[in-house]
2 protein chains.
Amino acid sequence: MENAMSEAYQGLLEIDRIIHEPARLLLVTILSAVQEADFLYLLTTTGLTKGNLSSHLTRLEQAEYLVQEKSFVGKTPRTVCRLTPAGQAALASYRQQMGAVIGE
Amino acid sequence: MENAMSEAYQGLLEIDRIIHEPARLLLVTILSAVQEADFLYLLTTTGLTKGNLSSHLTRLEQAEYLVQEKSFVGKTPRTVCRLTPAGQAALASYRQQMGAVIGE
DNA sequence: TATACCGGTTTGCAACACAAACCAGTTTGT
DNA sequence: ACAAACTGGTTTGTGTTGCAAACCGGTATA
């Protein structure tokens, strides 16, 4: 039983760090709920600074967990973000792993 | 509902980083199950390197989440670790917060 | 007397989360 | 018309920290 335990929990050491970071977990959790959100919406709902938000979005984009689509609304720029299937899968997997550790 | 959501999840940004770190979450999870464990037991069950294990234990000790009691068994040193009440409380609180986010 | 092990700790470094400074463009004030 | 302030972000600088490797005092082995 102790062996079973340690094997079940050791997965923690390989958990997805991209998602595990609290700010990004917050972002992907929000995005998984609303499908689509722009920079300013994420800025106010998360309370992150602009710099932080920008860099976390970039990191998630590099991981191909989300896409940022840049456009103009009238004359002001607008960035809208959406999770990719890979991002949704990564979040689902993370939830499952963490659920096993903290939960039941 | 979106407001309720964002408020519920924003706590993520203040989550306890001491516990949140995977290696330490693994350690406190194990310790919460077995009450007491020595360095070598933790070394083999976690698969951490000695250096890593040592520094994470030190960090948890500084946070007063665990105590390390050093003694000698015959002529070889032995370090046994046990969670403090504060440590148990911190883990319980962490589980609750993360459970709320990942949805159990 | 080396040599290798034991039970750890300390050191060195690359990664990174964060905030502050910055930037191109637009609107507002005078 | 010109400057100042605002908008929607990005880039830069820095302190922290997670990690592995080197190290350390002691003990058993050859």
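In what follows, every chain begins at residue 1, and chains take the letters A, B, ... in the order their sequences are listed. These figures come from a predicted structure and were not determined experimentally.
A salt bridge links B/Glu69 with B/Arg82: the distance from a Lys NZ or Arg NE/NH1/NH2 to an Asp or Glu carboxylate oxygen falls below 4.0 Å.
The residue among A/Ile18 and A/Gly51 whose nearest nucleotide of DNA chain C lies closer to the 5′ end is A/Ile18. Of the residues near DNA chain D, A/Leu13 and A/Thr79, the one whose nearest nucleotide (by heavy atom distance) lies more toward the 5' end is A/Thr79. Position along DNA chain C of the nearest nucleotide to A/Asn52 versus B/Gln68 favours B/Gln68 as the more 5'-ward residue.
Of all heavy-atom pairs between B/Leu31 and B/Cys81, the closest is CD2-O, 3.7 Å.
When atom types are taken as modelled, the side chain of A/Arg24 and the backbone of A/Ile18 share a donor-acceptor pair closer than 3.5 angstrom.
Rounded to whole Å, atom C1' of D/dT17 lies 14 Å from atom NE2 of B/His20. Per the geometry, CD belonging to A/Glu69 stands 17 Å off C1' belonging to D/dG8, to the nearest Å. As a whole-Å value, the separation of A/Arg78 CZ from C/dT26 P is 18 Å. Rounded to whole angstrom, the span from the CG atom of B/Asp38 across to the C1' atom of C/dC6 amounts to 13 Å. Atoms NZ (A/Lys70) and P (C/dC23) sit 18 Å apart, rounded to a whole Å. Atom NZ in A/Lys75 sits about 11 Å away from atom P in C/dT28, given to the nearest Å. Distance, A/Leu12 CG to D/dC19 P: 12 Å, rounded to whole Å. Rounded to an integer number of Å, the gap from B/Leu40 CG to C/dC6 P is 9 Å.
Closest to the side chain of B/Glu21, out of D/dC19, D/dG8, D/dA28, is D/dC19. Of the candidates C/dG8, D/dT10, C/dC18, the closest approach to any side-chain atom of B/Phe39 belongs to C/dG8. Comparing atom distances between the A/Lys50 side chain and each of C/dC18, C/dG8, D/dG9 picks out D/dG9 as nearest. Side-chain proximity of B/Arg17 to the nucleotides C/dT9, C/dA17, C/dG7 is greatest for C/dA17.
Listed in residue order, the members of residues 53-65 of chain B having a heavy atom less than 4.0 Å from DNA chain D are B/His56, B/Arg59.
Separating the CG atom in B/Leu25 from the NE2 atom in B/His20 is a distance of 8.5 Å, to the nearest 0.5 Å.
Residue B/Leu27 forms a side chain to side chain contact (heavy atoms under 4.5 Å, CB included) with just one option from B/Thr45, B/Ile19, B/Leu57, and that option is B/Leu57. None of A/Leu40, A/Thr58, A/Leu48 except one satisfies the side chain to side chain contact (heavy atoms under 4.5 Å, CB included) rule with A/Leu53; the exception is A/Leu48.
Remark: B/Arg24 is not in phosphate contact with D/dC19, judged by side-chain N or O atoms under 4.0 Å from OP1 or OP2.
A/Leu12 places a side-chain heavy atom less than 4.5 Å from the side chain of A/Met98.
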